[in-house]
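Okay, so here's the structure we're looking at.
Just the heavy atoms: all of them, side chains too, but no hydrogens, waters or symmetry mates, feed the values below. The model shown is predicted, which means the values in this text are computed figures rather than measured ones. Each chain gets a letter, A, B and so on, in the order its sequence line appears, and its residues count up from 1.
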Amino acid sequence: MSILRIALPIPKRQLFDYLAVDVMPKIGARVRVSFGPRKLIGVVWEIGQESAWEVGKLKAIQDIIDDEPIFDETQRKLCTWLAQYYKHPIGDVVQSAMPVALRKGESSLPKPIEFYSATALGKKTELTSLSRAPKQQALLSELLAGDCLKAKVKEQFGAAASKALIDKGIIEVLEKQPSSISTWQQSLIIQDKPNANVEQALAISSIEAKLSEYACFLLDGITGSGKTEVYLQAIEPILQQGKQVLILVPEIGLTPQTVHRFRYRFGIDVGVLHSGLTNNERLLVWQKSAKGQLGIVIGTRSAIFTPMLNPGLLIVDEEHDASYKQQDGLRYHARDLAVVRAHAEQVPLILGSATPALETLNNALTGKYHHLTLHQRAGNASVASQQVFDIRQQPLKFGIAQGMLDRMKQHLQQGSQVMLFINRRGYAPALVCHQCGFVEQCTRCDKPFTLHNQLYKLQCHHCGNAKSIPSSCQQCHSTELTAMGVGTEQLEQGLTAYFPEFSNIRIDSDSARGKSKLDKMLSSINNNEHQILIGTQILSKGHHFPNVTMVLIMDVDGALFSADYRAAENLAQLITQLAGRAGRAEKPGEMWLQTHDPGHPLLQDLINNGYAHFAKYALLERQHGNLPPFTYQALFKAQALSAQDAHSFCKMWRSSLIKRQGVSCIGPIPALMEKRQGQYRMQLLLQSNQRSSLQRALGQQLNQIETLYLANKVRWSLDIDPQDFS
DNA sequence: AGCACGCCGACT
DNA sequence: GTCGGCGTGCTC
């Protein structure tokens, strides 16, 4: 008796067994089943001969939705890998790999294309007989010349005209299968291909040497060095072989210009997947790609799941970008999944960035990835000069030093724009003396204490050691101790009052919700409608600000002294990205970094030697500190209505994990925002030198937790390779 | 995750 | 007397 093992949208780390009725569904096809009192849609994941359940108690499936699998073997492999690696319920994984429309049971087959055609009666109808209905007359005349797509008719002639003609029997709606539509391979052209420079040509030929096998390339090219041109020329032979290309871009970077550039170069339809699409639009791209009808698919994080009939190349642009890591539910990293997918499909993968993530850089340096570098800047690109501004003992107005305000004034009066940059992401903050720059450190670890305002405590995020907040500086006895970071609103108000004659605009993910809103803001900036730009991360992504001649990074220390070891890396990426986007050749920009520690070695290294040098130094530091990518981490989070419950749950995890080989724990430590929505949040950081020992320990741990201890009071989650510790 | 079952408080 | 609160447990 064949048993169907089905992945159901249930948060359990298991498959559910069912029986087939008379037709056997294929592996990878959707089926409808009854599950307890409700009906669910699941995907047949395995077919086996026996069940751990009593076979007599198994239910039969209700019906089969797909005759053909919607998950091919590679996709099933990817999902299984995801579930295994991220320790996530398989049903949930399968669910997130599917477009929403398919989760709801929509047909996976492309909808037939509807078009209007003149009937036999229509062909005999005199046009003049319709002279009293000009719209209908025009439509009929159009259709006598040839058939026309339904959507196009509706747009040109309106719904009323076509309906009237259908009622008269003059025209009719016909359907044809989309596969009979001409394929992109026939319309492929190569438009306006510029000559590659030496470095680009070298990169392109390195990639071309590995077109039909797995290989991972880090395309490490400074801003303005023409990474996109390398992508375009690497794509060319792939498309010419009739194979497909999947390109991932960060959430905000998905600008129409980029898409246009691909579309224009090759003259083919490009499938675009972004958050603004409806479920049906998303499904359509999915279907077309699965049928091989799209040469290029571009999309954000979840586009990595798009099936391809004939894959030829994967590209992850701006691979260091944090938006590739999903921050809730299935916490996967799309870049890492791209590596797994490229391997499974046996196709090459290009990871592109001006500021590669340290993990990626390490893989390139150890030879796991091929390292391709572009140093030459094309044409009129420029980089802003970078310098630190010592704010010790400086009077600060809404977070800005007086010296910097004066400098801003100069730039503004010359008609230039000034950009202020705040890290709104709450890095675990330290306590710093404004007089002398002294930072309170844990005596055991020599690491800055993290300030927990709600607890009114300083706590070391490396050993858990805690003390109360001192009232004066240990070194100079000043009472001016400050936490780092200032709110955007406060700054906005302050600037409006201080520079009444200049208009300011705030750009963050809240104010720029939606792509068109952001575009509008950007064009108003480039039209000089605003002189002072206040922004967060969003400004560092993909856009150029030729008229900005001064960039001020307000809260450098927040990142330098954060317990989050990634904060310094993120800051360096941000500074480097911004420096490449402000000003232009004739009007170069200057960038200022406000800090209490102007001599900080990482900061000095970045400013004097650039990102690549900084990154190597930072990697060395990570190695000495036993941190990723030289060790492997997982973050266990627990939240409960009572702090005691959350704490003891973490401790229970800790005590059972610590017995396992090669895994160490830090915590439990309260989360940065200890209490949110009435829930107390605690976390435990797990670390190992060996990826496999961490994986094994977590696997065993989860088996226990599901069978032995079901703490209903505590909601918990596990973040493998955490990027963010808040 | 849902959904049912169940066991206790304030209402027509 | 019951309507409904949400704690507990189960779903192939």
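- The main-chain N or O of A:Trp286 is never found under 3.5 Å from a side-chain atom of A:Ser289 such that the two would form a donor-acceptor pair.
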Under 3.5 Å, which protein N or O atoms sit close to an N or O of nucleotides 3-7 of chain C? Give each pair with its distance.
none

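- Within the 3.5 Å criterion, the main-chain N or O of A:His274 finds no donor-acceptor partner in the side chain of A:Thr300.
- None of A:Gln687, A:Arg622, A:Arg691 except one satisfies the side-chain contact (heavy atoms from CB on, under 4.5 Å) rule with A:Thr631; the exception is A:Gln687.
- Taking every heavy atom of residues 86-102 of chain A and every atom of DNA chain B, no pair lies under 4.0 Å.
- At a cut-off of 3.5 Å, with distance as the only test, no side-chain donor of A:Asn280 or A:Thr278 sits close to an acceptor on the other residue.
- If you measure from atom CG of A:Leu8 to atom P of B:dG2, you get 12 Å, rounded to the nearest angstrom.
- Under 4.0 angstrom from either OP1 or OP2 of C:dC12 there lies at least one side-chain N or O belonging to A:Lys59.
- Between A:Trp716 and A:Phe649, the angle of the ring planes lies from 30° to 60°, which puts this pair in the tilted group.
- Atoms CG (A:Asp17) and P (C:dC12) sit 11 Å apart, rounded to a whole Å.
- Distance CG/A:Leu294 to CG/A:Leu284: 8.0 Å, rounded to 0.5 Å.
- Listed for the A:Lys325 side chain is a donor-acceptor partner under 3.5 Å among the backbone atoms of A:Asp721.
- A:Tyr18 comes within contact range of the sugar-phosphate backbone alone, with a heavy-atom separation under 4.0 Å but no base atom that close.
- At whole-Å resolution of the value, CD1 in A:Ile10 and C1' in B:dG2 are 7 Å apart.
- Distance, A:Phe16 CZ to C:dC10 P: 13 Å, rounded to whole Å.
- The nearest whole Å value for the distance from the CZ atom in A:Phe35 to the P atom in B:dA1 is 13 Å.
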Name the pairs: protein N/O against N/O of nucleotides 3-5 of chain B, kept only if under 3.5 Å.
none

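- Counting any heavy atom pair closer than 4.0 Å across all strands shown, A:Leu58 reaches sugar-phosphate atoms only and no base atom.
- For the pair A:Arg30/A:Ser108, a side-chain contact is recorded, criterion being any heavy-atom separation below 4.5 Å from C-beta on.
- Looking only at side-chain heavy atoms (C-beta outward), A:Arg715 and A:Lys637 stay at 4.5 Å or farther from each other.
- Checking the phosphate oxygens (OP1, OP2) of B:dA1, no side-chain nitrogen or oxygen of A:Arg103 falls inside 4.0 Å.
- When the P atom of B:dA1 is taken as reference, atom CG of A:Leu330 falls 14 Å away, rounded to whole Å.
- C:dC12 atom P lies 10 Å from atom NZ of A:Lys39, rounded to whole Å.
- Between the CG atom of A:Leu40 and the P atom of C:dC12 there is a distance of 9 Å, rounded to whole Å.
- The aromatic rings of A:Tyr324 and A:His333 lie tilted to each other, with the angle between the two planes from 30° to 60°.
- The shortest side-chain heavy-atom distance between A:Ile64 and A:Val23 falls under the 4.5 Å cut-off.
- In this structure, the side chains of A:Val270 and A:Ile298 come closer than 4.5 Å at one or more pairs of heavy atoms.
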